[in-house]
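Input: a single structure, listed below in structure tokens.
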2 protein chains.
Amino acid sequence: MEILEQIAREAEKNTQVPAYPRSVEKVIAAVMSSSDFWKIVDLSDEPLPLVAEILKLLNKHDLVAFEGDQILLTEAGAELARKAKIEAFASHVCPRCKGRGVVIDNLREAYEKFLKIQEERPPAIHQFDQGYVTPENTFARVALADSRGDLRGKKVVVLGDDDLMSIALALSGLPAKVTILEIDERLVNFIKEVSDKYNLGIDARVHDLRQPLPEDVVGAYDTFFTDPPETVEAIKAFVGRGVATLKAERCAGYFGVTRRESSLDKWRKIQKVLLDMGLVITDLIHNFNEYVNWDYYEEMRGWQLTPVKKAPEDIWYRSTQFRVETVRGFKGFNEPIVGDIYNDAESSTT
Amino acid sequence: MEILEQIAREAEKNTQVPAYPRSVEKVIAAVMSSSDFWKIVDLSDEPLPLVAEILKLLNKHDLVAFEGDQILLTEAGAELARKAKIEAFASHVCPRCKGRGVVIDNLREAYEKFLKIQEERPPAIHQFDQGYVTPENTFARVALADSRGDLRGKKVVVLGDDDLMSIALALSGLPAKVTILEIDERLVNFIKEVSDKYNLGIDARVHDLRQPLPEDVVGAYDTFFTDPPETVEAIKAFVGRGVATLKAERCAGYFGVTRRESSLDKWRKIQKVLLDMGLVITDLIHNFNEYVNWDYYEEMRGWQLTPVKKAPEDIWYRSTQFRVETVRGFKGFNEPIVGDIYNDAESSTT
């Protein structure tokens, strides 16, 4: 289809985000499935800035209409979809585990405690680019890591802890030790208070991860968790920090990478960086992580780009859960991080 | 632990399979969870030849005992486990989807038909290194691919079809076209008969995939499925064939890679090969595929290696489901394949 090709080319030119006819197809399929901008971003699995641009171009070609805050396929758009054999999205996602593959039934007691504790958590703030996942999601990560043998009797470190992973891990009673490094003093204080109150023994420290790791943390852990910003350089630096905490081959790391701020071309570069660090990717679980909507959405870059202005109602920001393991020759990264590595053309929530 | 290190070193020397203290830990954890050899291979997620060798070495050091066909931790083994903080495996796998993340509820009608059809299938034979997954598994792949938008209105090709994917795909009614290329005339004839009887329109051809693809298949499809042998060269060649069938960027491929015949060091090499082909890995779903036990197990290399001789009772051979997508610059492989690319030190079922 010539028009899909043309829109892809123009969208890429305007956004500097890799775009393909298939990207345009996915946005059309998403519009066939929902009229809500955030849901369209979610379903299309293309970077937000690209989805916004493609929608504007589809609108320019009268294939999509903006009616109030609704995004709809026009008659001509529907005709194009028929000709190009584009259909609405179907989902066969497991209703029991939401597609994660793991359940938290055996962690129920710790989970109930966590639910109560996290009600008092400090809100996500823009200054530190924060955003956190649902409590169920946090525990699903514990379940996943335990299923892979990465927690029992193991030393675990959490690098940046918006999600309160350290509290969930310690409440599970599985790891031998839990350490967190976090820049936000509010969070560190909260975790310390909880740790004292529930006798969790969490080693919580204020630390700016752009600086090298404290010496005693290097090469001392079995498993790390982190949630890096979504540029290739940031993944290299922050996952590299995680790898630097690990003590040996066949230790594991967990982190999320989203499609909302990353094209698959960028994903490929990220995966190359991971392999080059001496890591192997063992798990990639689609939409494992779901982020609670944060309050500062009107301040983020993505808000400027949306073709219709409507606050997100449901969860739309999801990420794929990565699990990596170190093999022979692995090498972390513990140099200072300089310059802005938080932004690229595909990012939108900073 | 000195002894774990020592056994890993010796096991690697004897098998030429990369081995780590963590590999030995995993085998011990598996023995703590089951006394059955096949279940121990399954749980440890280490290559069969390595597990067999580690068990023999643990036995030599009186850490593991062989009693009849049972494999048990000795008193000294249990003491080592306590000291090294090794614990039995825990599982939080979702009981509803078996950890696959997708369910087949919406495909129930086609699935019921498939169940009946596959009862008549030709048995797996050693000559073609065959082995097939459960019918539910075959349909879970259909559900996964449909969830990712890879089937509706799409042209789909199946390269090697032990699993009767082509029949499942055609019964679902989703793809615009289904083609299969398969070396085994028995299977091709069976698929043709089924296709005629149920009016499925499957394009089934006898083809040896070591030979270049038929011209009309090159660059003509949206999605491929295959199940390559487990050497780096074979993955390069057979996934490369799959990629050569694809018509454009952002088309998808599905295949399984196991841990039963591949160390994670080999996995890393495999992943490098995939990225180098211009692919990105979007999904890695652990133990998605489960293979029905085949009749020729006593003829396979793995049988010679087992420390106790006992036929597998439950499913033990599983693989991780890979999904890849093409991005800019992707390049398939359509040269003739020469020499033996089916075997390496880690393989055991050939």
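Chain letters run A, B, ... following the sequence lines, proteins first and then strands; every chain starts at 1.
With a 4.5 Å cut-off on side-chain heavy atoms, A/Ile281 and B/Gln271 count as touching. When side chains are defined from C-beta on, A/His286 does not count as touching B/Ile285, because their heavy atoms never get closer than 4.5 Å. Within the 4.5 Å cutoff, the side chain of A/Arg96 has heavy atoms near those of the B/Pro95 side chain.
Residue-level contacts of residues 19-27 of chain B with chain A, in order of numbering, are B/Ala19, B/Tyr20, B/Arg22, B/Ser23, B/Glu25, B/Lys26; threshold 4.5 Å between heavy atoms. Residues of residues 141-154 of chain B lying within less than 4.5 angstrom of chain A, judged on heavy atoms, are B/Ala143, B/Asp146, B/Ser147, B/Arg148, B/Arg152, B/Gly153, B/Lys154 in numerical order.
With A/Arg268 contributing its side chain and B/Leu275 its backbone, the two residues share a donor-acceptor pair below 3.5 Å.
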Apply side chain to side chain contact (heavy atoms under 4.5 Å, CB included) to B/Arg250 and A/Leu264, showing your working. CA-CA 9 Å; B/Arg250 301 298 298 276; A/Leu264 284 183; 3.6 Å; yes
Checking side chain to side chain contact (heavy atoms under 4.5 Å, CB included) for the pair A/His92/B/Asn106: CA distance, chi angles, key distance, verdict? CA-CA 7 Å; A/His92 301 273; B/Asn106 297 334; 4.0 Å; yes
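Within the model, atoms CG of A/Asp105 and SG of B/Cys94 stand 8.5 Å from one another, a figure rounded to the nearest 0.5 Å. Here NZ of B/Lys85 is found 8.5 Å from NZ of A/Lys155. Values are rounded to the nearest 0.5 Å.
Taking chain B as the reference chain and counting heavy-atom pairs below 4.5 Å, the highest number among A/Val103, A/Leu274, A/Thr320 is found for A/Val103. Counting heavy-atom pairs closer than 4.5 Å to chain A, the top residue among B/Glu325, B/Lys269, B/Lys98, B/Arg100 is B/Glu325. With respect to chain B, the highest number of heavy-atom pairs below 4.5 Å among A/Asp222, A/Ile270, A/Asp45 belongs to A/Asp222. Between chain A and the options B/Asn287, B/Asp265, B/Ile86, heavy-atom pairs under 4.5 Å are most frequent for B/Asp265. Counting heavy-atom pairs closer than 4.5 Å to chain A, the top-ranked of the candidates B/Gly278, B/Ala84, B/Gly329 is B/Gly278. Of the listed residues A/Leu279, A/Leu174, A/Val257, the one with more heavy-atom pairs under 4.5 angstrom with chain B than any other is A/Leu279. Among A/Ala140, A/Gly99, A/Pro18, the residue with the largest count of heavy-atom pairs under 4.5 Å with chain B is A/Gly99.
Counting non-hydrogen atoms of other residues, nucleotides and ligands closer than 6.0 Å to NZ of A/Lys247 gives a total above 12. In A/Glu109, the CD atom is not crowded: 12 or fewer heavy atoms of neighbouring residues, nucleotides or ligands sit closer than 6.0 Å.
For B/Phe322, the ring pair (Phe, Tyr, Trp, His ring centres under 6.0 Å) test picks out B/Phe255, B/Trp267, with sequence neighbours left out. Residues that satisfy the side chain to side chain contact (heavy atoms under 4.5 Å, CB included) test with B/Glu112, not counting sequence neighbours, are B/Arg108, B/Leu115.
Contacts between A/Thr282 and chain B at a heavy-atom distance below 4.5 Å involve backbone atoms as well as side-chain atoms. Using a 4.5 Å cut-off between heavy atoms, A/Ala176 touches chain B through its side chain atoms alone.
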